[in-house]
Engineer: 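Quick one: the structure is below, and I'll ask about it shortly.
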Amino acid sequence: MMTSTAAGVAAAHPMPPSNSRQRPHVLVADDQADVLEALRLLLKTHGYDVDAASSPGAVLSALEKRDYDALLLDMNYTRDTTSGREGLDLLEQLRSLEPDLPIVVMTAWGSVEGAVEAMRRGARDYIEKPWDNSRLMTILVTQVELGRALRLARRLETENRLLRRDNLPRIIAESAKMKPILQLMERIGPSDANVLITGEHGTGKELVAQWLHASSPRAQKPFIPVNMGGLSEGLFESELFGHVRGSFTDAKTDRVGRFELADNGTIFLDEIGNVPIALQSKLLRVLQTGDVERVGSSKARHVDVRVISATNARLPEEVAAGRFREDLLFRINTIELHLPPLRERREDIGPLAMHFLRRHAERYRKRLAGFDAGAMHVLLEHSWPGNIRELDHAIERAVLLAQGDQVRPQDLALRGSSAAAPRLEDLTLEEVERLLIQKALSRYDGNVSRAAQALGLSRSALYRRIATYEL
């Protein structure tokens, strides 16, 4: 059965991992009692604890009771059976139950085909009967070390993922309308799924994108935001895909595009609804293949990026109007998250206002306890066309203007406060433009296309002004 006795070659065999804190525990499965005893003596001599199982059922029962560092698994359990079918079927069950358990198969009818099939189904190595003690112990030591290293790596990965959650961007959302959104974010954050975030300007789409990136295995890799609404047609390909020196007049050096910068990380395509229809096919090709060609180069570079997109446009309507490709929409919205406007989640206005108050008070070194009743009433009654971003700027302004230990309605200077509205002739040109844009956005519920049309601006021009005034 064996080429040497267990005791006679003990000194020549590899020993269990010296850095292990506990003796390796191995499960041996075979239907022959003498084989089980021989293996028990051999492994015990070399510092292993051993349990025995004489049937597939006994193997499964043993694995339910404790964890093992390795399993030596016979391939045949029925008398006069040599096909190994029982072992192969058991192997498949074990891989689904214990994917990290190192399994070394044993068979008295060793063949290349049988060994290949066992390895294909998840075995780490194989031994032929009668076995060579030295080879068996070398394989076992290796598999125990690899198995422990794999389990440690998986545990550290889980711990790191949990630790990363402490560094997630803070999302303040206590309203009932936000609960299903937060639950969906929890489910899709660790995945590689492409996500489309929709909602009005200022609803926090980029913050949600950052949260999804930070909660994923890509958290330690780059998060690259791109304002698609601010890219001109002439710079679109150069910004996203890069260019080589001399590819056009101002290309004085090679440039790496945003997709390459985001390799192994996440790219955030903000205002993707603003991409001209003529350029959407180029973006779609990269999203489909992952291959990027810099302008002026025919060499393709493959990138691995997670794509998170955002828009305030109603893309299905844009598709119906022929302004957005349907296949591009399918590509970017594996999962869609719609963020409600602040006026639909008024329970969050108070907590958000206090958060911004504390942050800006610390920044400007002012001691403020909170808002008086009148100021909070104004906050709750305001329509917030600029949503959370507008609230943030309003609180910052109030912190600067506040003279007591509380913010008052006149500090906010919002519609509905007791402070008189400023006269148009007292405003600067920039303040007038900002006010008109705010009013247009409020009138059309944040729809940039309709607001731009009412103001006599192109959509891209309005986007630039929105960014300038941080609306």
Side-chain angles (χ1 to χ4, degrees), residues 193-203 205-206 208-209 224-243 248 257-259 262 267-293 295 300 303 305-341 385 387 437 440-468 471:
N194 291 344
V195 181
L196 174 64
I197 308 171
T198 61
E200 296 177 9
H201 276 289
T203 48
K205 296 188 288 293
E206 183 166 355
V208 169
I224 304 296
V226 187
N227 179 10
M228 306 294 281
L231 295 182
S232 66
E233 292 194 31
L235 293 177
F236 182 86
E237 290 184 83
S238 175
E239 287 288 332
L240 290 182
F241 314 138
H243 63 247
F248 51 88
R258 306 293 181 88
F259 270 91
I267 191 166
F268 175 53
L269 305 179
D270 197 11
E271 300 303 346
I272 195 169
N274 204 45
V275 176
I277 189 72
L279 299 174
Q280 292 175 22
S281 60
K282 296 179 179 181
L283 176 61
L284 176 63
R285 182 182 61 80
V286 173
L287 298 184
Q288 287 176 329
T289 66
D291 294 331
V292 174
E293 289 184 12
V295 177
V303 294
V305 297
R306 184 186 192 181
V307 179
I308 300 178
S309 308
T311 183
N312 75 311
R314 295 178 173 87
L315 291 186
E317 295 179 10
E318 296 294 298
V319 169
R323 292 187 293 266
F324 201 85
R325 293 179 62 115
E326 187 175 35
D327 46 3
L328 179 57
L329 177 58
F330 290 153
R331 177 63 59 175
I332 62 175
N333 75 334
T334 303
I335 297 292
E336 182 172 339
L337 284 172
H338 179 71
L339 303 184
N387 293 292
I437 292 172
L441 289 171
S442 178
R443 186 161 64 249
Y444 295 106
D445 294 329
N447 187 306
V448 173
S449 296
R450 296 178 65 190
Q453 186 177 8
L455 291 167
L457 297 171
S458 68
R459 193 165 61 170
S460 59
L462 181 54
Y463 275 126
R464 288 193 292 272
R465 285 167 171 78
I466 288 171
T468 299
L471 295 175

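No hydrogens, no waters, no symmetry mates; every other heavy atom, side chains included, goes into these values. These numbers come from a predicted model, not from an experiment.
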Engineer: So, taking the atom named NE2 in H201 and the one named CD1 in I437, what distance separates them when rounded to the nearest 0.5 Å?
Structural biologist: 10.5 Å
Engineer: Rounded at 0.5 Å granularity, tell me how far CG in L283 sits from CG in L240.
Structural biologist: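 Separation between the atoms: 6.5 Å.
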Engineer: Check the angle between the aromatic planes of F241 and F259 and answer parallel, tilted or perpendicular using the 30° and 60° thresholds.
Structural biologist: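 Correct class here is tilted.
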Engineer: What's the spacing between L279 CG and M228 CE if we round to 0.5 Å?
Structural biologist: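 Answer rounded to 0.5 Å: 8.5 Å.
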Engineer: Tell me every residue that passes side chain to side chain donor-acceptor pair (under 3.5 Å) with S458, counting only those two or more places apart in sequence or in another chain.
Structural biologist: S460
Engineer: Of all heavy-atom pairs between P225 and R258, which one has the smallest distance, and what is that distance?
Structural biologist: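 So the minimum-distance heavy-atom pair works out to O-NH1, 3.3 Å.
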Engineer: Side chains of residues 328-341: which donor-acceptor partners sit under 3.5 Å, not counting sequence neighbours?
Structural biologist:
residue : atom : partner : partner atom : Å
H338    : ND1  : T198    : OG1          : 2.8

Engineer: Under the salt bridge (Lys or Arg N to Asp or Glu O under 4.0 Å) rule, what pairs show up with a residue in residues 280-291, not counting sequence neighbours?
Structural biologist: E237-K282
Engineer: Listed by chain and number, what are the side chain to side chain contact (heavy atoms under 4.5 Å, CB included) partners of V307, not counting sequence neighbours?
Structural biologist: N194, I267, L269, L287, V305, S309
Engineer: Counting distance only, does the side-chain N/O of N387 pair as donor-acceptor with the main-chain N or O of G202 below 3.5 Å?
Structural biologist: no
Engineer: Considering only heavy atoms from C-beta outward, does the side chain of L457 approach that of R465 to under 4.5 Å?
Structural biologist: yes
Engineer: Between K205 and L196 (side chain of the first, backbone of the second, donor and acceptor by atom type, cut-off under 3.5 Å), is there such a pair?
Structural biologist: no
Engineer: What distance separates I272 CD1 from I308 CD1, expressed to the nearest 0.5 Å?
Structural biologist: 12.0 Å
Engineer: For R325 and S281, which heavy atoms make the closest approach, and how far apart are they?
Structural biologist: NH1-CB, 3.5 Å
Engineer: List the atom of A300, the atom of E293, and the distance in Å for their closest heavy-atom pair.
Structural biologist: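 Reported closest heavy-atom pair: CA-CG, 3.9 Å.
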Engineer: How far apart are the closest heavy atoms of S238 and V295, and which atoms are they?
Structural biologist: N-CG2, 4.0 Å
Engineer: How many angstroms lie between atom CD1 of I277 and atom CZ of F324, to the nearest 0.5 angstrom?
Structural biologist: 8.0 Å
Engineer: What residues, two or more places apart in sequence or in another chain, satisfy side chain to side chain contact (heavy atoms under 4.5 Å, CB included) together with A313?
Structural biologist: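 Here the qualifying residues are T311, L315, E318, R459.
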Engineer: For Q280, enumerate each residue passing the side chain to side chain donor-acceptor pair (under 3.5 Å) test, keeping only those at least two apart in sequence or located in another chain.
Structural biologist: none
